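Note sheet for the following structure.
Below, chain A is the first sequence line, B the second, and so on; all start at residue 1. Computed from a predicted structure; not experimentally measured.
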There are 2 protein chains.
Amino acid sequence: MSETNDKPLSRYIRVLETVAHARTGVTLTDIARELELHPGTAHRLIRGLVALDLLHSPAGTKSYVAGARLQSLLHATMDRAGYAAFAKSVLDGLVAEFGETAHLARLSGDFAESVLMEQPSGSDRAFVQPGRQLPLHAAASGKAILAFQDEDFVARYLTRPREQFTERTKVGETAIRNEIDRIRADGMAVCDNELDSGVLSYGHPVRIGGGQVLYSVGITGLADRFRPIDRSRIKLRLSEAAADLGRRLGFTG
Amino acid sequence: MSETNDKPLSRYIRVLETVAHARTGVTLTDIARELELHPGTAHRLIRGLVALDLLHSPAGTKSYVAGARLQSLLHATMDRAGYAAFAKSVLDGLVAEFGETAHLARLSGDFAESVLMEQPSGSDRAFVQPGRQLPLHAAASGKAILAFQDEDFVARYLTRPREQFTERTKVGETAIRNEIDRIRADGMAVCDNELDSGVLSYGHPVRIGGGQVLYSVGITGLADRFRPIDRSRIKLRLSEAAADLGRRLGFTG
DNA sequence: AAAAGAGATTGCGTAAATCGCAAGTCTGAT
DNA sequence: ATCAGACTTGCGATTTACGCAATCTCTTTT
């Protein structure tokens, strides 16, 4: 009988806590010592956590830090209301410049979720009000996120059925793969009548610490009115806004 | 279900992710359906997570939300540098009003860790520079956090040895219990020469979603200069700042 | 109020993951 | 080259988690 009545899950969590509380990366031996585990046991636990991307060992190093999946979980627990405090001003800047609706979207499972939206005053239509689920294959802000996920994520997404919202919605695997390549090369996603009819939308990935893309920032307007606006200027402003947002959202080093 | 990694840990994590992604509480059946688990299996998983305080079921309800330990873990992954983006302006407001040093502290294990500090220009002394570990029984911002932890946490903290920093540091169990009661009743903690000699400090708990206290906001100054300032005005401003910070850190619970 | 139904909980035999330990491998410093 | 410390892998024995089905507990319906 061991003195500790620890179940497996408890030990995993304690490893995560040990890593999280350390300001810098911790080594296997650190963890084993801290938790009074045999090195072999610590190694097995860590290996399981790394396999799930809860821990990460930076290239070549033998120390461990919080993995992307933990970061993702952290952001997932943030309430939508919390974004206004530090993202509103960035969106307001875009609204002021283009006179169209701007929004911030967050990856949430298999959708992008709009978490904050700002509109020009007197705007009649709310395209992307907070809470709306934006499909990753059909919305500009969704595509901007999808295009920068890893291959596992993309492959898994493509195995599932995808809704065809308009006759322009791309749903085929090849079509979406091509679109992803285009977005990666260009740095910005476009959605022209692919989700809502008559609506044109641009989306740009937001990179947080470590380069992970959990968010995107987008501008949306009625196609007829929005189309004439110079696309390179939109891209420039969106990339600036994304860099700003990434700095504000990138809690983790 | 003949899918991917079905090791036990993976299922636990997927339950946590399901709960985190839901804006509101999710029920056992929701989780079972989402993850394609049998209700009995889902129940067992959830039970294990609740036992570790990773999930929480609000009084009497049958739905689940992120537990205190999960929130604590996730916040621990945040880098200190990340707080500047959305907490600096709040601290600056306090500095401008009182002309003393303001800081944000975060619960980290058995200490409160200063994660952000702002000072009046030309200030000569850095009381609580980011990274400093503030003891939960002797620093105002530490006490403000300790007083709002649950009984288990407090009891566990009191079993460990506590350093006596000055002759005014309260180290006895009864003394600390009384201090906790006072802070709970008053809503604010005071540290008068209990940690650093000649230094007077106030700390106020920051409640994030669900009412949990993982942070505190504090003002610190030389006792001789700071003591004359009206305490009720300090309390008012600190509580406003805490409410603002809680909103910005707005996490669901 | 009684019945029906959905959701939540418990028990059980079986299958699988984890356990501690020990023996191996790697790495970097002397 | 050698050595010490850190990391990794392998092995039965044990513990835990597994799916399923039966039971319990509510809320809703009649």
Nearest-nucleotide 5' precedence on DNA chain C, A:K62 against A:L37: A:L37
A:Y157-A:R162 side chain donor-acceptor pair, cut-off 3.5 Å: no
Integer-rounded Å distance: D:dC20 C1' and B:H43 NE2: 16 Å
Ring center gap for A:H75 and A:Y215 short of 6.0 angstrom: yes
C:dT10 phosphate, OP1 or OP2, under 4.0 Å from B:R47 side-chain N/O: yes
Nearest-nucleotide 5' precedence on DNA chain D, A:P8 against A:T27: A:T27
B:I13 CD1 - D:dA17 P separation (whole Å): 14 Å
Residue mapping more 5' on DNA chain D - nearest nucleotide basis, A:R33 or A:L9: A:R33
OP1 or OP2 of C:dG20 under 4.0 Å from side-chain N/O of A:T41: yes
Side chain of B:H38 (C-beta onward), nearest among D:dC20, D:dT8, C:dT10: D:dC20
Minimum-distance nucleotide to B:L45 side chain [options: C:dC19, D:dC18, C:dT9]: D:dC18
Touch class at under 4.0 angstrom, heavy-atom based, for B:G40 against every strand present: base
Nucleotide C:dT25, atom P - distance to CG of A:L28 in whole Å: 19 Å
d(CD, B:E36; P, D:dG19) in whole Å: 12 Å
A:R168, A:K143, A:H137, A:Q164 screened by side-chain hydrogen bond (donor to acceptor under 3.5 Å, both in side chains) with A:E194, the one that passes: A:K143
Closest listed nucleotide, where the reference is the side chain of B:R44 and the choices are D:dT8, C:dT9, D:dC18: D:dC18
Distance, rounded to the nearest Å, where B:D30 contributes CG and C:dG7 contributes P: 9 Å
Under 3.5 Å side-chain donor-acceptor pair for B:S216 and B:H204: no
Interatomic distance where NZ belongs to A:K7 and C1' belongs to D:dT14 [whole Å]: 16 Å
Within the 6.0 Å centroid threshold, strictly below: B:F153 and B:F148: no
Of the listed nucleotides C:dT18, D:dT9, D:dC18, the one nearest the side chain of B:R11: D:dC18
Whole angstrom value for the distance that separates P of C:dC19 from CD1 of A:I46: 13 Å
